[in-house]
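Read the structure below first, then the notes.
Order of the sequence lines fixes the chain letters, A, B, ..., with proteins taken first and strands second; residue numbering starts at 1 for each chain.
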Amino acid sequence: MSKSHSLGAALLLAFLGLAACGGSVTDHDDVKNTSIAQLTNRSASLALACAGCHSETSTAVVSLKGYGAEALRDSLLRYRAETDGITVMHRLARGYSDDDIELLANYFDQDKGER
Amino acid sequence: MTQLDRRFLLKAMGLGTASLALPTPAFARAKARIVIIGGGFGGASAAQTLATVLPSSNITLIDANATYTACPFSNLVLGTDRALSAQQFGYDGLRRLGVTVLNTLALDVDPVAQTVTVSDAETIGYDRLILSPGIDMRWNALEGYDEAAAQIFPHAWKAGPQTLLLRQKLDALEDGQPVIMSVPTAPFRCPPGPYERASMIAHYLKTRKPRSKLIVLDAKDSFSKKALFQEAWDEHYPDHLEWRGASDDGTVSRVDAATETIETDFESFDASVINIIPPQKAGSIADRAGVSDGTGWCPIDPLAFESTQQANIHVIGDATIAAPMPKSAFSANLQAKVCAMGVARLVSGLEPQATILSNTCYSFTTPDEAISIAGVYSNENNILMSVSEAGGVSSLSAVKSIRNQEADQARSWFETITSETFG
Ligand SMILES: Cc1cc2nc3c(=O)[nH]c(=O)nc-3n(C[C@H](O)[C@H](O)[C@H](O)COP(=O)(O)OP(=O)(O)OC[C@H]3O[C@@H](n4cnc5c(N)ncnc54)[C@H](O)[C@@H]3O)c2cc1C
């Protein structure tokens, strides 16, 4: 995707005043800032940490693209619940609340079907 | 941020690719001038993220070098056949995103006029400045260790020529001669890094100079993942690695480049290969900008990593005081992204918001085995703190396949983080 595309999309979103899924939107009159609020909402900011290891091309680390909200939620909840789990994901999942797991699951679900 | 992540963001807003073809409504966006000093894991990641969330802003990235040489995995350049070129990345990906990249040294920052000086003739104005200058050595904090001494006793704690110099010295080592490494007290860049390096040098000796041995002189008694490293050393390098802590006369108190000797309180060593990891501080441009404090590091408000000492200047990465987050590439990259989102909000009249951050660092103990440490952090209420139930290190006495898996994950992490950072 080119820069102009992503810019166009962001502007379009702002123009139409679409609501994003998940996460709260700061109350602001300016449509432009509504779009920035969307792009930087809690879902998007939580997902930043995941992107350090998970990408479309990551190999030994699974790609989250098209994972599906349910599968991702179940997987994170399972990691968190397994008290004797020793993987990196077990250690990380223990730091996330139910609400944040829900936000992340929905955030990555938006990419479903693109591959 | 990769193209994929940009697509995530757009799709998360409910935009499919079809809608991208629709005409763009015309109205002005904030033309914020954002200058970033330092194009490493922190600075380059900040530029990537800003180009996405604030695409019409003017983003200028300043780095002294046209090619960045990454430190993670540079210990494998020392101990294995990994080439230094595998560590190197350019800035064309950022340029393609519309970021102005200047390969020059930032000489000064005027936090009042809000300008960065890049030459006698040129200053660049900013609305927000992001500093990710990494570390500088505290020359002479260890008696005798100055820039000239670093040519005799390489630190290799900034990857590049120093890494090659240390490797050349290892290659020239006569089998049977010792190798010495000196490790400082915390805080320093990459807490487990010296011990990964010790492992890689011991591996090198075991396979290429089997009669030689590495002696690690440490100014501390405990260190990151100590039990795990020591377990690996007992198994793999019983004859090739000896570690001495502070209470065992491990603290190096003086070095002498002229005679190629180094001293602890009670002993002196001369060896043809001596790796000094010296005490460190924030990159010196932080001092010029007035964002470092008496510790040599930079205090920040962790919500958007804004300096607590200067308005409109943000500091990320190794230069910050961000404990309990370690000084790692993972941390620098994530802090950059959180900071960029915060900056995008601030220049748009929105408050930065709290989030959950994390860190994962892998360390190789052999070329195909690794161990890890992970942490989860909250910046709620402007306090960076560990989420207590989370994080921790790999299990002791795990089977080899687990160590192999973590090595695979480490390699995957390096590919992902470098492509996310440099495009
Ligand atoms: C041996 C070793 C192994 C490591 N292994 C790992 C690992 O496995 N995992 C991990 O997460 N981390 C690891 N690290 C740590 C990691 O390298 C650092 O934490 C990371 O590079 C910090 O990023 P930064 O942006 O703060 O600084 P840097 O990446 O150092 O970037 C700073 C940049 O700023 C530029 N700069 C500074 N001042 C100026 C100026 N005045 N003008 C212009 N440019 C300037 C420099 O040229 C440099 O490119 C390791 C470090 C070492 C030494």
Side-chain angles (χ1 to χ4, degrees), chain A residues 1 3-16 18-22 26 28 30-33 35-49 51-61 65 86-88 91-97 100 106-108 110-111 114, chain B residues 2-15 19-20 22 24-25 27 29-30 51-56 97-98 330 333-334 337-338 341 344-345 348-351 353 355-358 360 372 374 376 387 389-392 394-395 398 405 408-409 411-413 415-417 419-420:
Chain A
M1 188 181 297
K3 190 193 169 198
S4 61
H5 272 152
S6 68
L7 170 59
L11 289 170
L12 178 70
L13 172 90
F15 185 67
L16 298 176
L18 291 173
C21 65
T26 308
H28 200 288
D30 189 337
V31 278
K32 172 191 78 193
N33 292 352
S35 119
I36 287 164
Q38 303 284 14
L39 287 166
T40 61
N41 67 17
R42 187 164 176 98
S43 305
S45 75
L46 288 171
L48 296 174
C53 294
H54 296 272
S55 78
E56 191 177 7
T57 54
S58 56
T59 47
V61 177
K65 192 163 136 82
I86 58 169
T87 68
V88 166
R91 288 174 252 154
L92 293 174
R94 290 174 195 133
Y96 289 81
S97 67
D100 285 343
N106 285 317
Y107 182 85
F108 287 105
Q110 298 308 308
D111 204 45
E114 264 248 327
Chain B
T2 60
Q3 300 206 339
L4 174 67
D5 300 314
R6 263 185 296 285
R7 206 150 55 226
F8 276 175
L9 285 173
L10 296 172
K11 299 210 83 183
M13 301 187 306
L15 286 163
S19 51
L20 296 177
L22 293 174
T24 304
F27 54 81
R29 290 174 62 87
T52 304
V53 295
L54 209 58
S56 73
L97 291 176
F330 192 111
N333 163 271
L334 181 54
K337 294 183 288 187
V338 169
M341 283 198 172
R345 295 180 74 91
S348 311
L350 303 167
E351 287 295 315
Q353 287 185 329
T355 191
I356 301 290
L357 299 94
S358 66
T360 304
S372 62
V376 182
V387 177
E389 315 78 59
S394 309
S395 301
Q405 274 164 24
D408 289 342
Q409 289 166 12
R411 282 185 280 264
S412 177
W413 167 78
E415 294 305 318
T416 299
I417 199 113
S419 74
E420 208 212 6

**Request:** Among B:Ala398, B:Ser395, B:Gly391, single out the residue with the greatest number of heavy-atom pairs under 4.5 Å to chain A.
**Result:** B:Gly391

**Asked** Given the rule in the side-chain contact (heavy atoms from CB on, under 4.5 Å) test, do A:Thr87 and B:Gln405 qualify, once you have shown the distances and angles that lead to the verdict?
**Response** CA-CA 10 Å; A:Thr87 68; B:Gln405 274 164 24; 5.8 Å; no

**Prompt:** Are any non-hydrogen side-chain atoms of B:Val53 and A:Ile36 less than 4.5 angstrom apart?
**Reply:** no

Do you know the tightest heavy-atom contact between [X] and [Y]?
X        : Y        : value
A:Ser45  : B:Thr355 : OG-OG1, 3.0 Å
B:Lys337 : A:Ala51  : NZ-CB, 3.9 Å
B:Thr52  : A:Leu39  : O-CD1, 4.5 Å
B:Ala390 : A:Leu92  : CB-O, 4.4 Å
A:Thr40  : B:Gln353 : O-OE1, 4.2 Å
A:Asp100 : B:Ile356 : OD2-CG1, 3.7 Å

What part of [X] gets within 4.5 angstrom of chain A, counting heavy atoms only: side chain, backbone, both, or neither?
X        : value
B:Ser372 : both
B:Ile417 : both
B:Gln409 : both

**Asked** B:Ser412 side chain to A:Thr59 main-chain N or O, any donor-acceptor pair under 3.5 Å?
**Response** yes

**Expected output: side-chain A:Arg91 to main-chain B:Gly392 donor-acceptor under 3.5 Å** = yes

**Message:** I'd like to know whether B:Trp413 forms a side-chain contact (heavy atoms from CB on, under 4.5 Å) with A:Val61, so could you lay out the CA-CA distance, the side-chain angles of the two residues, the decisive distance to 0.1 Å, and finally the verdict.
**Reply:** CA-CA 8 Å; B:Trp413 167 78; A:Val61 177; 5.9 Å; no

